[in-house]
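Along the sequence shown, residues carry numbers from 1.
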Amino acid sequence: MASSTALIESDYALARDKYRAIGVDTDVALATLATIPISMHCWQGDDVGGFENAGHEIGGGLAVTGTYPGKARSPDELRSDLITALSLIPGRHRLNLHASYAETGGRKIERNELTADHFQGWIEWARQHDLGIDFNPTFFAHPNAASGFTLAHTDPGIRRFWIEHGVACRRIAAAIGESLGTSCVNNVWIPDGFKDLPVDRRGPRERLLHSLDEMFAQPFDSRHMLDAVECKLFGLGSESCVIGSHEFYLGYAITRQKLLCLDAGHFHPTEVISDKISSVLQYVPELLLHVSRGVRWDSDHVVILTDELQAIAKELVRSDFLPRVRIGLDFFDASINRIAAWVIGMRCVQKALLLALLEPIEKLREFEQNQDYTSRLAMLEELRTLPFGAVWDFHCLASGVPVGVAWLQDVRNYEQRVLRLRADGTNEWSGMIS
Ligand code: RNT
Ligand code: ZN
């Protein structure tokens with residue numbers, strides 16, 4: 001019997017021929033895929049908890065549901081989980097870190113007093129594992145955010161506190177980017193909004209605009225740090241009006257030439273971000289994507305290979321936008337193994353990118369230019385049943401990660417060895433696997 005490696009290779013050889021017949025070079029597609037980093041969000045690993053140990057509700061309209069045991073309780077545990085997940089995903093990636101994951105050595109450091117010193121553990125770890133880092137100020141899970149307002153708050157003292165937090169985070173992001181030699185995206189998302197119909201929508205938006213301008217006053221070298229702003233339509237508890245709406249931040253990003261962050265779960269349930277990418281990139285230098293999956297009123301289900309995920313990836317590839325779009329993940333699910341959640345989401349984004357890279361784009365473009373929409377539709381439908389899975393499996397094999405669902409066994413083993421002990425509160429393994 002042929003070894004499974006030989007089978008994967010021979011299946012790939014057949015698939016390569018099939019793609020070659022329609023003018024697609026699978027080797028080139030895989031080489032390109034290997035160069036696309038995805039910023040994996042730390043917060044799936046501990047249900048957006050962070051390590052301030054202040055005992056605050058997450059708030060801000062964010063809610064993580066589920067009681068799966070074994071979540072990370074310390075930076076070392078989280079790093080161990082992250083590395084386990086990354087070891088099951090092809091390619092080199094980035095870590096997307098929140099300010100609430102600061103390491104303060106047990107001391108209480110206010111959010112507006114955080115410095116790069118509190119992230120040295122993360123920076124060193126990222127360097128060891130050849131990962132870039134992206135960053136996020138944390139404008140929630142804090143007494144000064146308890147009213148649901150931060151940068152748009154009516155109280156100038158509270159606005160000041162959050163402006164200072166934003167400034168501190170920009171400095172931290174720049175220090176991270178400089179020390180790792182790869183620009184760190186600092187993404188600003190604030191929860192501010194009203195549960196019920198406000199009578200003044202103008203005031204909070206003017207306050208937000210001024211707070212942002214103050215926060216962004218200091219210029220930084222774009223080789224070290226890039227600012228992004230993230231819009232949202234509604235959240236839990238801010239159903240009637242979110243101050244940082246799409247129009248608000250689109251205008252802000254264009255006039256200030258910031259990155260706009262489009263989160264796939266932040267729009268009307270039938271509205272998609274795939275159609276926004278080519279519009280927005282006419283006016284802003286770069287985009288940040290928060291790849292997520294909205295389900296009814298939740299914006300953050302684990303990413304799977306939906307039509308919309310494929311449409312997003314196709315936009316990036318077909319329009320040659322990969323150099324101007326940073327891909328990050330944003331979801332949190334505590335009802336399944338958290339490491340599996342990362343692996344599923346990351347691998348699905350890569351599968352979507354691979355599907356896009358395996359299109360005969362020149363041919364499709366030619367059909368469209370000749371208004372031959374019949375051929376375009378026929379070809380697009382044929383592409384769906386080409387042996388993409390064989391190409392993906394070969395990529396996993398060649399990248400040294402488990403092929404097919406075999407990665408789940410690694411996650412199960414880690415669960416036995418590490419997570420189960422954690423759930424008992426007797427984790428002698430903590431920090432030993434990295
Ligand atoms: C919230 C935003 C934001 C957060 C993270 C934790 O609606 O999507 O990106 O999910 O900052
Ligand atoms: Zn987001």
Side-chain angles (χ1 to χ4, degrees), residues 38-53 57-58 62-90 93-98 100-101 103 122 125-126 129 131 133-134 136 138 140-141 263-265 290-295 298-305 309 328-350 401-402 405-434:
I38 301 167
S39 200
M40 194 167 95
H41 56 315
C42 70
W43 52 90
Q44 163 62 54
D46 74 331
D47 311 342
V48 205
F51 300 120
E52 288 171 320
N53 297 323
E57 293 285 304
I58 305 177
L62 307 175
V64 187
T65 49
T67 55
Y68 204 89
K71 80 170 172 194
R73 301 162 302 183
S74 68
D76 283 337
E77 287 185 353
L78 185 56
R79 286 191 275 261
S80 166
D81 294 357
L82 284 159
I83 280 301
T84 304
L86 287 167
S87 74
L88 304 172
I89 298 158
H93 299 287
R94 302 174 65 86
L95 173 72
N96 199 2
L97 194 59
H98 242 286
S100 51
Y101 292 75
E103 292 178 88
W122 288 106
W125 173 81
H129 295 281
L131 299 164
I133 293 184
D134 298 306
N136 304 260
T138 310
F140 51 84
D263 183 310
H290 268 190
V291 183
S292 186
R293 176 167 56 107
V295 177
D298 176 56
S299 62
D300 302 286
H301 273 51
V302 177
V303 165
I304 57 174
L305 194 54
L309 180 64
L329 300 188
D330 183 11
F331 53 76
F332 21 94
D333 187 340
S335 73
I336 60 173
N337 181 298
R338 294 170 184 78
I339 295 161
W342 271 321
V343 177
I344 292 166
M346 291 284 284
R347 286 173 68 126
C348 280
V349 174
Q350 294 186 302
V401 303
V405 79
W407 63 265
L408 184 57
Q409 194 50 53
D410 291 53
V411 172
R412 291 290 181 216
N413 295 343
Y414 185 76
E415 182 167 88
Q416 283 294 336
R417 279 191 297 119
V418 182
L419 302 185
R420 286 195 184 219
L421 301 173
R422 245 181 234 175
D424 293 334
T426 56
N427 183 14
E428 59 217 40
W429 291 86
S430 173
M432 285 181 62
I433 305 166
S434 65

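Heavy-atom minimum distance, S292 versus A264: O-CB, 3.6 Å. When all heavy atoms of L329 and V349 are compared, the pair lying nearest together is CD2-CG2, 3.6 Å. For the pair A72 and F51, the tightest heavy-atom approach, listed with the atom from each and the gap, is O-CE2, 4.3 Å. In plain terms, the two heavy atoms of P402 and D410 that are nearest each other are CG-OD1, 4.2 Å. Taking every heavy atom of both residues into account, I339 and V411 meet most closely at CG2-CG2, 4.1 Å. Pairing each heavy atom of W122 with each of L78, the nearest pair is CH2-CD2, 3.8 Å.
A 4.5 Å side-chain heavy-atom check between I89 and V401 finds every atom pair outside the cut-off. Within the 4.5 Å cutoff, the side chain of W342 has heavy atoms near those of the H41 side chain. Side-chain contact between D81 and L419 is present, with at least one heavy-atom pair separated by less than 4.5 Å. With a 4.5 Å cut-off on side-chain heavy atoms, M40 and L131 do not count as touching.
Expressed to the nearest 0.5 Å, how far SG of C42 lies from CZ of R79 amounts to 11.0 Å. Between the CG atom in N136 and the CG atom in N96 there is a gap of 4.5 Å [rounded to 0.5 Å].
Put simply, the side chain of H93 gets close to the backbone of I38: a donor and an acceptor are under 3.5 Å apart. With hydrogens and angles ignored, the 3.5 Å screen pairs a side-chain donor or acceptor of T84 with a backbone N or O of S80. Checking side-chain atoms of R422 against main-chain N and O of G70 turns up a donor-acceptor pair under 3.5 Å. Using a distance-only test at 3.5 Å, with no hydrogens or angles considered, no donor-acceptor pair links the side chain of R293 to the main chain of V303. Under the 3.5 Å distance criterion, the side-chain polar atoms of Q44 are matched with a main-chain donor or acceptor of D333. Checked by atom type and distance alone, the side chain of R347 pairs as donor or acceptor with a backbone atom of L88 at under 3.5 Å. In this structure, T138 contributes its side chain and H98 its backbone to no donor-acceptor pair below 3.5 Å.
Side-chain contact annotation: D330 with W43, donor-acceptor N/O pair under 3.5 Å present. A side-chain N or O of D46 and one of Y101 form a donor-acceptor pair less than 3.5 Å apart.
Among R417, E415, Q409, the single residue meeting the side chain to side chain donor-acceptor pair (under 3.5 Å) criterion with N413 is Q409.
With sequence neighbours excluded, the residues satisfying side chain to side chain contact (heavy atoms under 4.5 Å, CB included) with A141 are R111.
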The test is salt bridge (charged side-chain N to carboxylate O under 4.0 Å, His left out); show your working for E77 and R338 and say whether it passes.
CA-CA 12 Å; E77 287 185 353; R338 294 170 184 78; over 6 Å; no

Could you check I344 against W407 for side-chain contact (heavy atoms from CB on, under 4.5 Å), going step by step and ending with a plain yes or no?
CA-CA 10 Å; I344 292 166; W407 63 265; 3.6 Å; yes

Decide side-chain contact (heavy atoms from CB on, under 4.5 Å) for N337 and Y414; before the verdict, give the C-alpha distance in whole Å, the side-chain angles of both, and the deciding distance to 0.1 Å.
CA-CA 11 Å; N337 181 298; Y414 185 76; over 6 Å; no

Give the C-alpha distance, both sets of side-chain angles, the deciding distance and a yes or no for side-chain contact (heavy atoms from CB on, under 4.5 Å) between L95 and H129.
CA-CA 11 Å; L95 173 72; H129 295 281; over 6 Å; no

